[in-house]
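Written out below as structure tokens is the structure these notes cover.
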Amino acid sequence: MDVEKLVRMANQIAVNFQYDPSKKQAVDATLDHMSRFWSPPMREQIIVHFREGETELNEIASLAVSGLAEGKRHVI
Amino acid sequence: MSTVYKHYRRATDLGTPEVTSDKDVTLTIDGKQVTVPDGTTVLRAAALDGINIPKLCASDMLEPFGSCRLCLVEIQDRKGLPASCTTVVAEGMTVTTQSPRLADVRRNVMELYISDHPLDCLTCPTNGDCELQDMAGAVGLRDVRYGYEGSNHLDTEKDSSNPYFTFDPSKCIVCSRCVRACEEVQGTFALTIDGRGFESKVVASQNQPFLDSECVSCGACVQACPTATLTENALIEKGQPEHHVITTCAYCGVGCSFRAEMKGEELTRMVPNKDGHANHGHSCVKGRFAFGYATHKDRITTPMVRESIRDPWQEVSWDEAVGFAAEKLKEIQKKYGQGAIGGITSSRCTNEETYLVQKLVRAAFGNNNVDTCARVCHSPTGYGLKSTMGESAGTQAFDSVMKADVIMLIGANPTEAHPVFASQMKRRLREGAKLIVVDPRAIDMVRSPHVEADYFLGLLPGTNVALINAMAHAVLSEGLEDEAFVRARCEEVAYRNWREFILDDENSPESMESHTGVAAEKVRQAARLFAVAPNAAIYFGLGVSEHSQGSTMVMGIANLAMATGNLGREGVGVNPLRGQNNVQGSCDMGSFPHELPGYRHISDPSVRKLFEDEWNVELLSEPGYRIPNMFDAAVSGQFKGLYVQGEDVAQSDPDTQHVEKALSSLECMIVQDLFLNETAKFAHVFLPGSSFLEKNGTFTNAERRISPVRKVMEPMAGLEDWEATQALSNAMGYPMNYSHPSEIMDEIARLTPTFSGVSFKKLDRLGSIQWPCNEQAAEGTPTMHVDEFVRGKGLFRVTPFVATDERTTSKYPLLLTTGRILSQYNVGAQTRRTENLKWHDEDVLEIHPHDAEQRGIEAGDWVGLKSRAGETVLRAVITERVQPSVVYTTFHHPFSGANVVTTDNSDWATNCPEYKVTAVQAQKVTRFSDWQEHFEKFEKEQIDLLQQAQNSSEKVVS
Ligand code: SF4
Ligand code: SF4
Ligand code: SF4
Ligand code: FES
């Protein structure tokens, strides 16, 4: 899949959780959302992209994807 | 279970509408004691007891009028002969309905009517079903003393401009039932009685033909007319029906109940069912008249296959078609993996069919790649309502609106898209309820006869969240919240967080004004009106959900309703108006890739276990692809096979060129539909669908109401849709053996707590059921969240306004927003094959005079509409209905290519496309766009390939 689109989607999710009371909560909410609504190939692809380094992911999305990469899933 | 057939008879008419009262009144009618609610008329009281007083101007769909003087009665101790339709019962009243004196008066009345009425009963289309004829019989009219030579109206001309009904004024008795139906039932006020005395006659608008008048062809006047003056053309052509079956309209989410009035297997007419719980005897032009598509010559009734989309179609047997499809799908899975195929369920099909398609995907395909077209309309509604209140559904019954004091309509255009509910809403507004309209476009509800919005907040497309936050800010900052409700019913910490967020100055109406374009003071006034009302209700549509922040807006709406205590009783609530007939149902039935039926997440092992035990298969615990993800994966080569039931993604989904690219990359696409729709042009297998008249099942409307769909004719292609799915499943190697859809519903009930009390038998008994229907609510649940929210405590979610990426630039300086029109339905595959084309034969571009002038565009000019996704050409309509810098169109005709222009931007939570905001440029052009030229070529090629199949089969037959 077009990884740029996945990045855009991840960023969009993160921005919508940005006002959660703490950064951790925003990251968890983003990670949880991606686990619940993204199919595994989409998550795998964004993880690969994240591991490659260069990424347009915003801070919260980036932390969320890093959590996914560590195997974290439904955290809420 | 067999279809319930009843012999044809006209629906009972009790003369005046039902009244409800805590007090009962007992009176005596013709020596019999009768007890009725206080406020009931004598006419109705008698009818309820089986005593039929002659009447002509009265109908239980209309307020009493008292003009014909046929319903006169004698009442002890009262002078004269009062009209029973306008006389209300009183305790101890003694009424006589038949006496020589009454008979005389009634005969005189009838004599006058008949003297100016053609005596062609034997050749009249309503012969045998005419109230005037019945009354002549009932009063014993034997001779007419006035002669027919005097002046009369027998030569007046017919008006047959409306394609569905004829107005023959020579038969009119000027009872004004039609005029009152248009006012009271429909709320359009298109008819009046013009002139006085002998000269008086019924006219449409300014004495215009019906088609050119304001008439919206709802049919209420036709139904109300006691004579043959207003008659359905179908009845004139085909004659009287001989039996009828109760079924449900297959068009919009109002879910009107109808009597399908039949002659053998032929449908004569559809008449709205007075006992219908969603529509109470009303209808719109689509359900009432636009059913001709069901027998249209374009219907494909033989399964077809082909190796490539450039090959001619080959007609084959059902077995060959499903065998071919199953082989292909299995090959793909072997080559590309189990997850390389999927299915799309339809919001136009029944619950049972939808359930079966998702079962096929999960159990037979062995993945969760199933989604539904609700993805592209109301998926944010499901997400937003579930996360705040705990259930992905509207909170009220339609009838609840009759108790609302303030109605806030956001991003919905009910007079076009939910017409029967719009009529009910208008009725409530005429009774005095206040109206707030939030919409970028001045929809009809903003101002129409006898309805005017108290506040029209004409915001810029894409700023819904800014507006709802500003309203919430106004409520909280002015201390207008319902503290007691929030304390008792909602989670405290979440409320405090939300409160703090909303009260930030950033969310004030003053700060948000620059985003929304709506004056802060107006927002404050509207917010006050909403907050202080005893009952305030919110109704919303796709103008809320189809945005990059669709889900946020739904949560914003839920927050506002909770903060003002407007949930859990009649007259209030959060009410999504669903587009297609079974959007609610398709979502309920587990069509989303992450949810099993009843909105339970696929990752929940206990829920999975329930289904695994029943289905005898292991289920994957991870969500599958959503529709846009399927397309993206197809373009990148990971997704290769798709089964689409009753959907036309090639026309309805955004960014057409991307969709076309995705569909062209599939190795096997199976389309099941009535017609060779746009999507089918990319298919390898075509399974002919069955119309709603050809199958049994249920639809669930916007108020969670499950209503029966009943087979009135055999499926043209031999199989009902669920049978085709079952055959495909068996061919894939996963056995399914249902013998009737009622068995599928029984399975749904076994597996889904909110449906546990639902069965076809109960539906037959009750007529319809609003889920949840279970042990706690055996007959269903009209109002949800009464004592507590489904999730326990209501959850306020913080709703930051994030402007969409789709912004105007110097290259694309206008914002395009899209919508619907009354006479057409969705992609138009059905309504374009009916006479509804008379009202809307092409999609047009609405543009503000200022923007048009700047571009040298005049009315009727061809305008090229270009976005970063693509370009199409539409004809211009210049109107102030749209604001400057906003343009608007509809997507009912494929050639218009509205979705060539819309982009792949989508809601952050659900991927619901942002149909409502696209940055565009518009300019005058002289030729169609490249895409349109390509479309025409491709269309021609595909029609040729279809004809080749049909020609070769004709050869075989001959
Ligand atoms: S069809 Fe409906 S809108 Fe038209 S005149 Fe009759 S009642 Fe009015
Ligand atoms: S058209 Fe029919 S309903 Fe209307 S006034 Fe004439 S008879 Fe009555
Ligand atoms: S289209 Fe909607 S409003 Fe019209 S008859 Fe059908 S269900 Fe009713
Ligand atoms: S029915 Fe009562 S006056 Fe016409």
Side-chain angles (χ1 to χ4, degrees), chain A residues 1-49 52 56-65 67-76, chain B residues 337 339-340 342 367-369 379 383 387 465 493-494 496-498 500-501 504 506 548-549 551-552 555 592-595 601-604 620-626 628-639 658 797-805 904-911:
Chain A
M1 285 171 74
D2 180 1
V3 79
E4 272 175 34
K5 203 183 246 181
L6 295 178
V7 168
R8 213 162 79 209
M9 279 160 57
N11 284 344
Q12 233 187 327
I13 298 169
V15 168
N16 276 281
F17 285 121
Q18 68 188 333
Y19 279 81
D20 276 16
S22 69
K23 196 200 279 179
K24 178 170 182 320
Q25 276 167 289
V27 171
D28 283 354
T30 307
L31 191 163
D32 192 81
H33 192 90
M34 290 165 81
S35 325
R36 280 179 198 278
F37 298 101
W38 285 28
S39 69
M42 293 161 70
R43 292 198 301 256
E44 277 153 29
Q45 203 174 338
I46 204 160
I47 290 171
V48 170
H49 170 77
E52 281 165 1
E56 299 280 309
L57 286 169
N58 62 31
E59 192 194 357
I60 293 170
S62 179
L63 289 168
V65 176
L68 286 176
E70 288 162 21
K72 287 196 195 147
R73 299 289 312 285
H74 302 158
V75 287
I76 293 184
Chain B
N367 62 44
N368 290 315
N369 291 333
S379 50
Y383 176 86
S387 55
V465 174
V493 177
R496 271 197 271 115
N497 285 339
W498 175 75
E500 195 184 324
F501 161 78
D504 191 300
E506 194 177 285
S548 65
Q549 280 202 298
S551 293
T552 314
M555 295 188 290
F592 289 137
H594 66 282
E595 274 170 349
H601 202 273
I602 190 82
S603 65
D604 182 336
L620 294 187
S621 62
E622 291 281 5
Y625 288 129
R626 298 172 285 194
N629 312 146
M630 289 181 195
F631 294 156
D632 291 344
V635 169
S636 64
Q638 294 152 288
F639 190 76
H658 179 68
R797 292 273 308 258
V798 170
T799 53
F801 168 57
V802 181
T804 167
D805 293 341
D904 66 349
N905 244 23
S906 66
D907 172 46
W908 65 271
T910 64
N911 273 167

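Below, read A as the first sequence line, B as the second, and so on, with proteins coming before strands; counting in each chain starts at 1. Bear in mind the structure is a predicted one, so any value in this text is a computation, not a measurement.
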(message) Just so I understand: if I count every heavy-atom pair under 4.5 Å between each of Gln638(B), Gln549(B), His601(B), Glu500(B) and chain A, which residue has the most?
(response) His601(B)
(request) Evaluate the ring planes of Tyr383(B) and Trp908(B), with Trp represented by its six-membered ring, and classify them as parallel (under 30°), tilted (30 to 60°) or perpendicular (over 60°). (result)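 Perpendicular: the ring planes of Tyr383(B) and Trp908(B) meet at over 60°.
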Do any N or O atoms from the side chain of [X] and from the backbone of [Y] form a donor-acceptor pair under 3.5 angstrom?
X: Asn11(A); Y: Glu56(A); value: yes
X: Asn16(A); Y: Gln12(A); value: yes
X: Arg36(A); Y: His594(B); value: no
X: Asp907(B); Y: Ser551(B); value: yes
X: Asn368(B); Y: Leu620(B); value: yes

(request) Name the option with the most non-hydrogen atom pairs under 4.5 Å to chain B; the candidates are Gln18(A), Gln45(A), His74(A). (result) His74(A)
Which answer fits [X], side chain, backbone, both or neither, if we ask what part of it has an atom under 4.5 Å from a heavy atom of chain A?
X: Asn629(B); answer: both
X: Ser548(B); answer: both
X: Glu595(B); answer: neither
X: Val635(B); answer: neither
X: Tyr625(B); answer: both

(message) What part of Pro40(A) gets within 4.5 angstrom of chain B, counting heavy atoms only: side chain, backbone, both, or neither?
(response)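 Answer is both: backbone and side chain atoms of Pro40(A) are under 4.5 Å from chain B.
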